[in-house]
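All values derive from a computational prediction rather than experimental measurement. For reference, positions follow the sequence shown, starting with 1.
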Amino acid sequence: MYVRCCPDRVPEEVYRQVLELLAELSPVVQALPPTAALVELKGALRYHGADARRLGEVLRVRTLSRLGVDVRIGIGPSITVAATASGQISATGGVLAVAPKQVADWLGPLPVEALHGIGPRQAAVLRDYGIHCVGLLAALPAATVQRLLGGRAGRLAADRARGIDPRPVVPRTLPAAVTVRRAFDRQILDGAEVRAALLALVVRLGLLLRRREQVARALTLNLRFAGGTSWEKTRRLPEPSAHDDDLRALAYQLMDAAGLQRGRLTALALRGEDLVDADRVARQISFDDAREDRLVAEAAIDRVRDKFGPGVIGPATVFRRAS
């Protein structure tokens, strides 16, 4: 089963909830970020006592009723067939199941670019040689397709056009992540105010990570603008960290990369990506006395926050409205 969320972009929290619903059907779920997933149904069919299409319909009802999200579900005997089937469903969602005996007849009339794994450049090459549908591609000798598309790519294309795809579904979940957000009550143009809001998010994220005894390997900054448009970028930290200094430096780099001029911001979101337990990460010995002093101060500030609340102390910029 190949599942795509509708619309193609949904918040990560919603995507994680979709994955949880998939896990209720089968223990073998492979996340395909940002909004797709693979599900192995062999064991699930016996467990639930239902056919594959029925399970797809159950999943669609659950995502709609619980999350308000529709899905496009393709079902087939291989990953290629299931993924291709999901791509043939309209954007409003639905379920399309292709039985093993139907694979050749169903794939044959499809345009070559509809076959999962065939990119635009490969499709253009094939069309230049008059190969405009999957059936014609399947009829060609594998050696001919290899000469057109290259060795490995041609071999894979020839096999997949015949529905041959021995790849298994490999259980894989999304890396752990945590997000902090700030929504503005008005459209913001002031650079200093935006930078202060971003620093406040950094402080909240760092404190949350340290309390969870986790570190982040990457940060993602999401900016939402007036009119509903958004901008998002992810960068990896030089070393996994939960310290404010490290998070702030990368967060500022992400903000600079946005190249804001007169963009009217309505919200910010900062996400710590690829989280791991802090005790699994080696701590590099530092000879930077200033940094070590800041880390000692950070630990002391955390104790103050634990005792009196998270908002009683922090960088002065965060409290710029206090006066």
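In plain terms, the two heavy atoms of His116 and Arg4 that are nearest each other are ND1-NH2, 4.3 Å. Leu32 and Arg172 make their closest contact through CD2-NH2, 3.7 Å (heavy atoms, listed as atom of the first residue, atom of the second, distance). Shortest non-hydrogen contact noted between Pro111 and Val134 is O-CG2, 3.7 Å. The two residues Val145 and Ala157 come nearest to each other via the heavy atoms CG1-CB, 4.2 Å.
Between the side chain of Arg217 and the backbone N or O of Pro238 there is no donor-acceptor pair closer than 3.5 Å. A donor-acceptor contact shorter than 3.5 Å is absent between the side chain of Glu40 and the backbone of Val28. Between the side chain of Thr80 and the backbone N or O of Arg160 there is no donor-acceptor pair closer than 3.5 Å. A donor-acceptor distance shorter than 3.5 angstrom exists from the side chain of His48 to the backbone of Leu25, with no hydrogens or angles considered. Side chain of Ser230 to backbone of Leu223: no donor-acceptor contact under 3.5 angstrom is found.
Salt-bridge check for Arg167 with Asp165: passed, with a basic side-chain N closer than 4.0 Å to an acidic carboxylate O. Salt-bridge check for Asp274 with Arg236: passed, with a basic side-chain N closer than 4.0 Å to an acidic carboxylate O. A salt bridge links Arg195 with Asp256: the closest approach of a Lys/Arg side-chain nitrogen to an acidic carboxylate oxygen falls below 4.0 angstrom. Using a 4.0 Å cut-off between charged side-chain N and carboxylate O, Asp302 and Arg305 make a salt bridge. Glu20 and Arg66 are not joined by a salt bridge, as no carboxylate oxygen comes within less than 4.0 angstrom of a charged side-chain nitrogen.
Side-chain atoms of Val202 and Leu270, non-hydrogen and from C-beta on, do get closer than 4.5 Å to each other. Looking at Pro34 and Tyr15, their side chains never come closer than 4.5 Å, going by heavy atoms from C-beta outward. Between Arg210 and Asp244, some side-chain heavy-atom pair lies under the 4.5 Å cut-off. Residues Val178 and Leu205 are in side-chain contact: their nearest non-hydrogen atoms beyond the backbone lie under 4.5 Å apart. At a threshold of 4.5 Å between non-hydrogen side-chain atoms, the residues Leu126 and His132 do not count as touching. Side-chain contact between Leu136 and Leu140 is absent, with no heavy-atom pair separated by less than 4.5 Å. No side-chain heavy atom of Ile73 sits less than 4.5 Å from a side-chain heavy atom of Tyr2.
Atom CZ of Arg204 and atom CZ of Arg182 lie 9.0 Å apart (nearest 0.5 Å). Between Leu55 atom CG and Arg53 atom CZ the span is 12.0 Å, to the nearest 0.5 Å. The structure places CG of Asp245 at 7.0 Å from CD of Glu298, a figure rounded to the nearest 0.5 Å. Considering CG of Asp51 and CD1 of Ile75, their distance stands at 8.0 Å, rounded to 0.5 Å. In this structure, OG1 on Thr234 lies 8.5 Å from CG on Leu219, to the nearest 0.5 angstrom. Taking CG of Leu265 as the reference point, atom CZ of Phe225 lies at 5.0 Å (rounded to 0.5 Å).
The list of salt bridge (Lys or Arg N to Asp or Glu O under 4.0 Å) pairs with a residue in residues 69-84, not counting sequence neighbours, reads Asp8-Arg72, Arg60-Asp70. Contacts classified as salt bridge (Lys or Arg N to Asp or Glu O under 4.0 Å) and involving residues 114-133 (residues at least two apart or in different chains) are given here: Glu113-Arg127.
Side-chain contact annotation: Thr220 with Glu273, donor-acceptor N/O pair under 3.5 Å present. Side-chain contact, Ser90 with Thr92: a donor N or O sits under 3.5 Å from an acceptor N or O.
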Quiz: residues 93-101 side-chain donor-acceptor pairs under 3.5 angstrom, not counting sequence neighbours:
none

Quiz item: Where do Arg186 and Glu193 land on the salt bridge (Lys or Arg N to Asp or Glu O under 4.0 Å) test, with the steps shown first?
Solution: CA-CA 12 Å; Arg186 57 188 175 85; Glu193 188 168 351; 3.1 Å; yes
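In the hydrophobic clustering of ILVMFWY residues, with side-chain heavy atoms under 4.5 Å counting as a link, Val29 and Ile79 come out apart.
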